[in-house]
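Below is one structure, written out as structure tokens; comments come after it.
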Amino acid sequence: SQTIHQWPATLVQPVGSPLSLECTVEGTSNPNLYWYRQAAGRGLQLLFYSVGIGQISSEVPQNLSASRPQDRQFILSSKKLLLSDSGFYLCAWSPGHGYQPQHFGDGTRLSIL
Amino acid sequence: QKEVEQNSGPLSVPEGAIASLNCTYSDRGSQSFFWYRQYSGKSPELIMFIYSNGDKEDGRFTAQLNKASQYVSLLIRDSQPSDSATYLCAVNRPGNQFYFGTGTSLTVIP
């Protein structure tokens, strides 16, 4: 069966520091991968999605970037965090074919001080 | 117009009652429809998906789809306090584009 791993679970970072969040998927190949952010009490905001290695689409302009160095690895990065980057970051995957659901990792709660 | 719209609630039902959650979507090209449950502080968990018009039942949950009206619903029978959560409706359009609603908060009162 497929599983998705996302770490760390919580992170506290000072303003201006760098960020790296990692997500890996097991038990499938060539998945579509997604990064979302969810502010407290709000809906999901799609940040990036990827249909293959090195293929990244950005949905919103921000100081974040994403990379997919391997088929089942998705990384969210920032060079300098802003206070507004606080939130709940979720990685998700879906099969690369058909109209099938997304499955989410456990998320990373990021607090910027 | 939002891609997916849900009533934010909160929706309160007594224990044992039927909870009815509704969702509308704007694009008739949407192909598949999903319901996720999200407990406070946790990630969304898939509970139901439906592709064809009509009803799909899984235990206490029933998903209903009406493509002509662009309407999806989730019924929860015999609601339990453990069903208290935010329920997210999502649609998948061609090109594997997912759109989520902002969620409906459900509280089941013991």
Notebook entry, point to check: Looking at B:Ser8, B:Gly103, B:Pro94, B:Ser105, which one has more heavy-atom pairs under 4.5 Å with chain A than the rest?
Noted result: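 The option with the most such pairs is B:Pro94.
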Notebook entry, point to check: Do you know which of B:Tyr99, B:Tyr51, B:Phe34, B:Phe49 has the most heavy-atom pairs with chain A at a distance under 4.5 angstrom?
Noted result: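 Looking at each option in turn, the highest pair count goes to B:Phe34.
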Notebook entry, point to check: Counting distance only, does the side-chain N/O of B:Asn22 pair as donor-acceptor with the main-chain N or O of B:Tyr71 below 3.5 Å?
Noted result: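 The answer is no, because no donor-acceptor pair under 3.5 Å joins these two groups.
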Margin query: Whether the side chain of B:Gln70 engages the backbone of B:Ser26 through a donor-acceptor N/O pair (distance < 3.5 Å, no angle test) should be reported.
Written below: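 A pair under 3.5 Å: yes.
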Check: What option among A:Gln38, A:His103, A:Arg109, A:His97 has the most heavy-atom pairs under 4.5 Å with chain B?
Finding: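 Among A:Gln38, A:His103, A:Arg109, A:His97, the one with the most close pairs to chain B is A:Gln38.
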Note to self: Give me each pair satisfying salt bridge (charged side-chain N to carboxylate O under 4.0 Å, His left out) with a member in residues 16-43 of chain A, each pair once, sequence neighbours excluded.
What the structure shows: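 Matches after skipping sequence neighbours: A:Arg37-A:Asp85.
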Next item on the list: Working to the nearest 0.5 Å, report the span between CZ of B:Arg37 and OG of B:Ser43.
Entry: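 Here the interatomic distance stands at 11.5 Å.
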Is [X] close to chain B through its backbone or its side chain, or both, or neither, when contacts mean heavy atoms under 4.5 Å?
{"X": "A:Gln100", "result": "both"}
{"X": "A:Asp106", "result": "both"}
{"X": "A:Tyr49", "result": "neither"}

Note to self: So if I apply the side chain to side chain contact (heavy atoms under 4.5 Å, CB included) rule between B:Tyr25 and each of B:Lys67, B:Lys2, B:Glu3, B:Glu5, which one comes out positive?
What the structure shows: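 Testing each of B:Lys67, B:Lys2, B:Glu3, B:Glu5 against B:Tyr25, the sole residue satisfying side chain to side chain contact (heavy atoms under 4.5 Å, CB included) is B:Lys67.
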Checklist line | Structural part of B:Gln38 lying under 4.5 Å from a heavy atom of chain A | finding: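 Side chain of B:Gln38 only, per the 4.5 Å heavy-atom cut-off to chain A.
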Next item on the list: With a 4.5 angstrom heavy-atom cut-off, could you sort out which part of B:Phe33 is near chain A: side chain, backbone, both or neither?
Entry: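 Contact with chain A: none, neither part.
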Margin query: Are B:Phe100 and A:Tyr36, when compared by the centres of their aromatic rings, separated by less than 6.0 Å?
Written below: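 Here the rings of A:Tyr36 and B:Phe100 have centres that are less than 6.0 Å from each other.
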